[in-house]
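Each remark here refers to the structure printed beneath this line.
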Amino acid sequence: MWLFKKKADKELERVFWELQMNLENNYKDLAIAAYREAEQLMEQKKKSNDLSQKEYKKYKRQLAEYSKKMEHYNHTNVSNFLKERY
């Protein structure tokens, strides 16, 4: 029933939406920045207990999917870039 569904974290949803849009438009630098922002925001919300363990795992899986999408860029190997930076 929709009355009992927990509202999604709007700030995290915005960052993931921004990441998705940047990937779809092939804006690599902006996608990397949004990925980094999403990762930092997730960790911050986890530490402050604003994000449950279940939600954290959901967002972590979503972030892993985006990471896989980003590694197949032709002229920039984003996966290696992310591994070097983090």
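One is the number of the first residue; the rest follow in order along the sequence. Below, all heavy atoms of this structure are taken into account, side chains as well, without hydrogens, waters or symmetry copies.
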Return the CG to NZ distance between Leu23 and Lys28, rounded to the nearest 0.5 Å.
10.5 Å
How about CG on Asn25, more than 12 heavy atoms from neighbouring residues, nucleotides or ligands closer than 6.0 Å, or not?
yes
Going by atom types only, do Gln44 and Gln40 share a side-chain donor-acceptor pair under 3.5 Å?
no
Val15 versus Leu41, closest heavy-atom pair with distance
CG2-CD2, 4.0 Å
Could you pull out the closest heavy-atom pair between Leu19 and Ala31, with the gap in Å?
CD1-O, 3.2 Å
Salt bridge Glu55-Lys60, side-chain N to carboxylate O under 4.0 Å
no
Give the C-alpha distance, both sets of side-chain angles, the deciding distance and a yes or no for side chain to side chain contact (heavy atoms under 4.5 Å, CB included) between Leu51 and Leu12.
CA-CA 10 Å; Leu51 202 59; Leu12 268 173; 3.9 Å; yes
What I'd like to find out is whether the side chain of Tyr56 reaches to under 4.5 Å of the side chain of Glu43, using heavy atoms alone.
yes
Lys/Arg N to Asp/Glu carboxylate O, Lys69 vs Glu65, below 4.0 Å
no
Rounded to the nearest 0.5 angstrom, the CD1-OH distance for Ile32 and Tyr66 is 15.5 Å
Please lay out, stage by stage, how Glu37 and Arg14 fare under the test side chain to side chain contact (heavy atoms under 4.5 Å, CB included).
CA-CA 11 Å; Glu37 182 181 356; Arg14 179 198 55 80; 3.1 Å; yes
With a 4.0 Å cut-off on N to O distance, would you call Lys45 and Glu11 a salt bridge?
yes
Would you find a donor on one side and an acceptor on the other, under 3.5 Å apart, between the side chain of Ser67 and the backbone of Leu63?
no
Strictly by modelled atom types, are Glu13 and Tyr59 linked by a side-chain donor-acceptor pair under 3.5 Å?
yes
Test side chain to side chain contact (heavy atoms under 4.5 Å, CB included) applied to Phe16 and Gln20, step by step
CA-CA 6 Å; Phe16 276 100; Gln20 179 66 35; over 6 Å; no
